[in-house]
Amino acid sequence: MLPPDPLIPWFENFVGIAYRYFEIRMNVVPLFSDLKKAQIFWRETVHWWNDHSIKIRFVETGDTYWFIMGAESRQAKNNKYLFKVLPKSPHYERFKKGHEGGAYLRLGTHTKKFKKDVKDDSKCNCGHIKEDHEEGDDNDACLYEDCDCRKFETFQVNLLKKKKTVTNIKFLTEAEIKDDVLAWNCFSVHKYTKRE
Ligand SMILES: [Zn+2]
Ligand SMILES: [Zn+2]
């Protein structure tokens, strides 16, 4: 049981969530802008979570959804809950359909890469691969006529090895959250009592 505790700090200083098939379960991966931040967050917070107590809640609000995660910690003084409002994405929809009640929780990094950093078949954010972009250091534009991409840029996600198993995952509507302590707590703090 996760009591509503106003003293537990909410943490939203991460860049998003990746959903990846990796090993036998789907992975839910909070993404950090650099490896050090991810490692520190694991060491100080996630490491101390009891796997069976980890809860993830998804609450859809139009085109966005709230990602909410919390757990009991063996080191309560360092505990934090995560939350972030994110745009719905195909990866999210795939996870929603395919998770089968369980997931691995891993942390990851999300880094920007440029043409010189990647292989020829790497995909640009415009959807076309590196080979379809101009060659040379100063020329970068996509060669597809109907594409207005001027610079090859791609995001790479790296997963950290350490993982926890999460089996308490729920998708809720906003009307349903009053029956869920974790989601209710989060919405209370970040939506319903927000000071202007
Ligand atoms: Zn491009
Ligand atoms: Zn393109």
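- The aromatic ring centroids of Phe32 and Trp42 lie 6.0 Å or more from each other.
- With contacts defined as side-chain heavy-atom distances shorter than 4.5 Å, the pair Leu31/Ile17 does not qualify.
- Inter-residue side-chain proximity for Cys124 and His133 is flagged as met; some heavy-atom pair is nearer than 4.5 Å.
- To the nearest 0.5 Å, the span separating OH on Tyr81 from CE on Met69 amounts to 12.0 Å.
- Residues forming a ring pair (Phe, Tyr, Trp, His ring centres under 6.0 Å) with Tyr92 (at least two apart in sequence, or on another chain): Phe58, Tyr65.
- One distance of note links CG of Leu107 with NZ of Lys161; it measures 14.0 Å at 0.5 Å rounding.
- Both tests pass for Lys163 against the ring of Tyr104: distance under 6.0 Å to the centre and angle within 45° of the axis.
- Looking at every heavy atom in both residues, Leu105 comes nearest to Pro30 through CD1-CD, 3.7 Å.
- With rounding to the nearest 0.5 Å, the separation of CG in Leu160 from CZ in Arg106 is 9.0 Å.
- Remark: aromatic rings of His47 and Phe41 are distant, center separation not under 6.0 Å.
- Taking NZ from Lys80 and CH2 from Trp49, the interatomic distance works out to 10.5 Å, rounded to the nearest 0.5 Å.
- Counting heavy atoms from C-beta outward, Tyr19 and Val29 have side chains that stay 4.5 Å or more apart.
- The nearest pair of heavy atoms linking Ile68 to Ala183 is CD1-CA, 4.0 Å.
- Ring geometry for His110 against Phe155 counts as parallel: the plane angle stays under 30°, on a 0 to 90° scale with 60° as the upper cut.
- Under the 4.0 Å criterion applied to side-chain N and carboxylate O atoms, Asp140 and Lys151 are assigned as salt-bridge partners.
- Side-chain contact annotation: Asn168 with Arg57, donor-acceptor N/O pair under 3.5 Å present.
- Looking at Leu143 and Glu134, their side chains come closer than 4.5 Å, going by heavy atoms from C-beta outward.
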In sequence, state the C-alpha distance, the side-chain angles, and the governing distance for Asp120 and Ile129, and then conclude on side-chain contact (heavy atoms from CB on, under 4.5 Å).
CA-CA 7 Å; Asp120 285 350; Ile129 62 171; over 6 Å; no

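- With respect to Asp121 and Lys130, no salt bridge is recorded, no charged nitrogen being found less than 4.0 Å from a carboxylate O.
- Residues forming a side-chain contact (heavy atoms from CB on, under 4.5 Å) with Thr111 (at least two apart in sequence, or on another chain): Lys113, Gln156.
- A salt bridge is absent between Lys115 and Glu135: the closest approach of a Lys/Arg side-chain nitrogen to an acidic carboxylate oxygen does not fall below 4.0 angstrom.
- No option in Phe11, Phe67, Trp66 other than Trp66 meets the ring-ring contact (aromatic ring centres under 6.0 Å, His included) test with Phe83.
- For the 3.5 Å distance criterion, the side chains of Arg20 and Asn27 fail to qualify, holding no donor opposite an acceptor.
- From Asn79, atom CG reaches atom CD of Gln75 across 9.5 Å, with rounding to the nearest 0.5 Å.
- Distance NZ/Lys178 to CG/Leu172: 10.5 Å, rounded to 0.5 Å.
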